[in-house]
Amino acid sequence: MCGILGIVGTSDVAAALYDGLTVLQHRGQDAAGIATANGTQVRLHKGNGLVRDAFDAKAMALLQGRVGIGHCRYPTAGSEGSDEAQPFYVNSPFGIALAHNGNLINTDTLRREVFEQDRRNVNTESDSEVLLNVFAHELDKQRVLTPDAAFRAVEGVTRRAKGGYAVVAVVLGLGLVAFRDPHGIRPLVLGRRDSDAGSEYAVASESVALDILGFDRVRDIAPGEAVVITPRGELYSRQCADGDLRPCIFEFVYFARPDSMMDEISVHKARMRMGVTLGEKIQRLRPKHDIDVVIPIPDTSRDAALEIANTLGVKYREGFIKNRYVGRTFIMPGQGERVKSVRRKLNPIPLEFKNRVVLLVDDSIVRGTTSQQIVQMARDAGAKKVYLASAAPPVRFPNVYGIDMPSPEELVAHGRTEEEVQTLLGCDWLIYQDLADLESAVAGPKFPGRKFDSSCFNGEYVTGIEPGYFERIQQLRSDEAKKKRRLAS
């Protein structure tokens with residue numbers, strides 16, 4: 001999972017790209033990069049760490065140009081290190097810089113094709129560099145540089161690349177190109193702002209980046225759609241593949257900011273509805289429950305926790321103080337680092353726990369390491385009983401479309417019943433959201449029956465999976481594999 005942003009402005013866009021990336025920082029904390037087009041040159045700077053760490057005044061001064069893209073990176077599929085930072089650049093044809101959010105599931109096949117058939121070299125393990133070279137080859141085949149040529153190139157990409165992807169690219173002599181996979185698994189939204197100098201456009205992973213920059217949200221890029229925006233502010237769009245919208249439901253559960261709109265759905269409202277449906281399930285299962293207080297595990301679960309409390313008619317309280325200077329533990333690179341980070345990240349308020357039956361609410365439970373420690377924190381703070389509610393169903397399968405969920409064996413719910421997970425986490429009662437309720441809550445009254453990519457919950461992958469794929473990603477994504485790579489480097 002990463003954050004991407006592209007802007008076509010009436011003046012230099014580097015500062016706006018920087019500001020927009022800071023708002024998308026929650027989507028990736030590993031590295032950041034910006035590429036701008038200035039006449040006949042692509043200027044590129046990227047580095048490890050947060051956006052503020054990757055850029056200084058000198059780097060920003062070099063990023064001249066009225067067309068540009070930005071990226072903040074969250075490593076998936078085992079790709080780590082500064083070589084994997086985006087955007088990537090190739091000088092043929094024309095000069096192209098590209099940034100990508102998502103994950104391809106046929107990277108190995110494409111890598112061979114790029115080398116053996118397209119006669120191009122890929123220097124990193126990143127599927128984004130593979131995607132860049134596929135796009136570059138398809139554009140080179142057109143022999144001209146027009147919006148129509150770019151659309152035909154995207155058509156070629158959608159025929160060859162399988163997986164979830166949202167892409168922004170700068171093409172010298174053309175402008176900004178952005179496109180989304182045929183299932184719309186990864187999000188991409190279009191914005192516009194008008195001034196006396198003319199129209200400016202932006203595309204971003206989340207609408208919150210448009211908000212902070214003063215762009216009006218126009219619409220989401222459709223599944224299989226591409227847009228081309230020229231330096232003069234001319235917008236072209238085309239459906240480049242048949243679209244079947246299946247957005248990743250985990251965006252709404254965990255990744256996206258609550259103040260974002262994604263595929264015309266308010267993330268904030270979706271999480272509130274998750275709380276209502278989960279509260280109703282608790283009432284059905286335990287109409288005479290003994291819950292004294294509902295406490296969220298900050299931050300993502302707050303909306304759901306408040307609605308659970310309202311539904312149950314019990315107190316809602318903030319029971320944990322969060323250290324804002326520790327990153328999201330789900331994104332931490334290794335299990336040992338995650339374990340240390342939980343204690344650094346959260347501290348309980350004993351007055352909210354002492355002698356109470358506490359219902360802790362989390363957005364989801366993936367590895368279980370964090371949940372286990374937080375349950376123990378609540379007990380140590382004096383809770384009489386500790387119940388744990390997950391706003392999402394059990395995570396039993398890897399996410400292959402851009403979220404670094406580990407090999408199945410590292411998922412706490414994989415191969416275990418809910419009762420076994422409850423025992424392992426050490427809580428007195430564990431309750432999960434039902435998948436049907438989650439999908440209904442996210443779809444809301446505006447989109448009843450909308451389908452989602454819920455593969456990490458039900459194991460149903462909309463693109464299909466090639467034989468041997470899970471074995472390969474297990475070798476890349478497991479904590480043990482990542483440890484070996486870090487030691488080797």
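Under the 30°/60° scheme for interplanar angles, the aromatic rings of Phe452 and Phe252 are found to stand perpendicular.
Under 3.5 Å, the side chains of Thr463 and Tyr401 contain a donor-acceptor pair of N or O atoms.
Put simply, OH on Tyr236 and CZ on Phe151 are 9.0 Å apart, with the number rounded to the nearest 0.5 Å.
Note on residues 166-182: pairs passing salt bridge (charged side-chain N to carboxylate O under 4.0 Å, His left out), not counting sequence neighbours, are Arg180-Asp263. Contacts classified as salt bridge (charged side-chain N to carboxylate O under 4.0 Å, His left out) and involving residues 49-67 (residues at least two apart or in different chains) are not found. Among pairs with a residue in residues 102-111, those fulfilling salt bridge (charged side-chain N to carboxylate O under 4.0 Å, His left out) read Asp108-Arg472, at least two apart in sequence or across chains. Within the structure, the salt bridge (charged side-chain N to carboxylate O under 4.0 Å, His left out) test picks out the following pairs touching residues 192-201 (sequence neighbours left out): Arg192-Asp194, Arg193-Glu200.
Checked for salt-bridge contact, Glu264 and Arg217 meet the test: a charged N lies under 4.0 Å from a carboxylate O.
Between the His71 side chain and the His100 main chain, a donor and an acceptor come within less than 3.5 Å of each other.
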Query raised in the report: Can you list the steps and then say if Ser454 with Leu438 is a side-chain contact (heavy atoms from CB on, under 4.5 Å)?
Result: CA-CA 10 Å; Ser454 303; Leu438 174 63; 5.9 Å; no

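Shown here for Val267 and Ala256, the closest heavy-atom pair between the two residues is CG2-CB, 3.9 Å.
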Let me check something: any side-chain donor-acceptor pairs from residues 204-216 under 3.5 Å, sequence neighbours excluded? List them with distances.
from	atom 1	to	atom 2	distance (Å)
Ser205	OG	Ile4	N	2.9
Glu206	OE1	Arg257	N	3.0
Glu206	OE1	Ser260	OG	2.7
Glu206	OE2	His26	NE2	2.8
Glu206	OE2	Arg27	NH1	2.7
Ser207	OG	Met261	N	2.7

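With contacts defined as side-chain heavy-atom distances shorter than 4.5 Å, the pair Pro187/Asn101 qualifies.
Between Tyr74 and Phe255, a ring centre-to-centre spacing shorter than 6.0 Å is recorded.
Annotation: side-chain hydrogen bond (donor to acceptor under 3.5 Å, both in side chains) contacts of Asn347 (sequence neighbours excluded): none.
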